[in-house]
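Read through the structure below, which is laid out as structure tokens, and then see the notes.
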Amino acid sequence: MNAPASPFTAGSCTLVGAGPGDPELLTIKAVKAIQAATVLLVDDLVSESILASYARPGARIVHVGKRGGCKSTPQAFIERLMITAVREGETVVRLKGGDPFIFGRGGEEVEHLREAGIECTVINGITAGLAAVTSLGVPLTHRDHAQGVVFVTGHAKTGASAHEDATDWRALAATAHSARLTLVIYMGVAGAGHIERELLQGLPGDTPVAVIQHASLPQQRHVTATLERLQSCIAEAGLASPAIIIVGDVLRGLAAAALPMGSDAGRFGT
């Protein structure tokens, strides 16, 4: 007796984290997946050098940019592309900057694939928040300064109301202060003024902050200051997205590091 026909041919889909940008920060598993792909759906922040180095000749590369505040490919369209390509028997890699499951919409894509009867493999990548702070020689946790870390987005979901999607920065600041947490804020540059005002309701004004643009790439730039000067230091340095904002006492060690790029580290104290 013949087995029932499969609803789609034997394609596959893998969500791959491309890391913060430096091709050398890719995992071995990520490189193997990229090399095997016949179709690559690539986010805007993925380095072109990764594709040049590892994409197989003849692979179909589709750029499906996703940038906050910029024109982006609709998420539903990306998901349809993924499902269609798998059903056509392709080896699909959805290549995302950072890690697919940290502000990468990977969870949404896995849910839609499963609804279509497609199981998906996920390969983690180094998230930009970790790469950014590491590039300054600073940890996210430290026994003397930070007992934990919070990854949070500074960009609300498109179309969501302020009530249903806004981060309660005041509550977060109070918790970070009492529990000694480092805050890692993604996509927060555009709303830096609001974030600064709200965090100051629960954190001291002299809490150190750092803003890192293009983490891990040759064009990386950063500025360090205190929370009460977050917005002004971003403006003075001319930093823009993509950038990560780090808030917390783990940064106090930068005062002695004499780092370049307009540091206000002397304001941190000891």
Side-chain angles (χ1 to χ4, degrees), residues 68-69 98 102-103 127-158 160-215 221-255 257 259 261-270:
I102 299 181
F103 306 121
T127 187
L130 177 58
V133 74
T134 300
S135 73
L136 304 183
V138 174
L140 286 175
T141 62
H142 189 291
R143 288 191 298 173
D144 296 331
H145 302 299
Q147 302 303 305
V149 58
V150 175
F151 294 98
V152 60
T153 177
H155 178 70
K157 179 180 177 181
T158 303
S161 69
H163 172 73
E164 69 178 352
D165 205 72
T167 299
D168 189 339
W169 295 104
R170 297 187 183 198
L172 183 59
T175 300
H177 187 52
S178 62
R180 301 170 68 200
L181 305 176
T182 304
L183 302 182
V184 180
I185 305 170
Y186 292 67
M187 299 170 282
V189 170
H194 172 71
I195 292 170
E196 173 189 316
R197 290 189 296 272
E198 294 297 293
L199 288 181
L200 284 171
Q201 303 305 308
L203 284 168
D206 67 350
T207 301
V209 301
V211 185
I212 306 97
Q213 181 182 18
H214 296 304
R221 302 169 64 225
H222 78 270
V223 66
T224 57
T226 53
L227 181 56
E228 62 193 356
R229 296 197 63 246
L230 174 60
Q231 183 180 29
S232 61
C233 82
I234 290 173
E236 289 165 8
L239 298 183
S241 181
I244 297 290
I245 300 171
I246 311 292
V247 181
D249 285 344
V250 290
L251 294 165
R252 291 192 181 275
L254 287 178
L259 291 171
M261 186 51 223
S263 173
D264 283 325
R267 294 168 57 87
F268 292 175
T270 57

Could you grab the distance from atom [atom1] of [X] to atom [atom2] of [Y], nearest 0.5 Å is fine?
| X | Y | atom1 | atom2 | value |
| --- | --- | --- | --- | --- |
| Asp206 | Arg229 | CG | CZ | 13.5 Å |
| Leu172 | Leu203 | CG | CG | 8.0 Å |
| Glu228 | Cys233 | CD | SG | 11.0 Å |

Checklist line | Residue that, paired with Trp169, satisfies side chain to side chain contact (heavy atoms under 4.5 Å, CB included) out of Gln201, Glu196, His194 | finding: His194
Table please: side-chain donor-acceptor pairs of residues 181-188 below 3.5 Å, with sequence neighbours left out.
unit_1 : atom_1 : unit_2 : atom_2 : d
Thr182 : OG1    : Leu140 : O      : 2.7
Tyr186 : OH     : Thr127 : OG1    : 2.5
Tyr186 : OH     : Gly129 : N      : 3.1

Next item on the list: Specify the closest pair of heavy atoms between Ala128 and Ala215, including all atoms of both residues, with the distance to one decimal.
Entry: O-CB, 4.3 Å
Next item on the list: Specify the closest pair of heavy atoms between Pro139 and Val133, including all atoms of both residues, with the distance to one decimal.
Entry: O-CG2, 4.0 Å
Note to self: According to ring-ring contact (aromatic ring centres under 6.0 Å, His included), who are the partners of His142, at least two apart in sequence or on a separate chain?
What the structure shows: His145
Item checked: Side-chain (Arg180) to main-chain (Asp144) donor-acceptor, under 3.5 angstrom -> yes
Checklist line | Check: Gln231 side chain, Ala192 main-chain N or O, donor-acceptor pair, under 3.5 Å | finding: no
Next item on the list: Identify, with sequence neighbours excluded, every residue that meets side chain to side chain contact (heavy atoms under 4.5 Å, CB included) alongside Thr134.
Entry: Leu130
Notebook entry, point to check: Who pairs with Arg197 by salt bridge (charged side-chain N to carboxylate O under 4.0 Å, His left out), at least two apart in sequence or on another chain?
Noted result: none
Side-chain donor/acceptor pairs under 3.5 Å, residues 243-251, sequence neighbours excluded:
unit_1 : atom_1 : unit_2 : atom_2 : d
Asp249 : OD1    : Arg252 : NE     : 3.0
Asp249 : OD1    : Arg252 : NH2    : 3.3

Next item on the list: Just grab all the salt bridge (charged side-chain N to carboxylate O under 4.0 Å, His left out) pairs involving residues 167-177, residues at least two apart or on different chains.
Entry: Arg170-Glu198
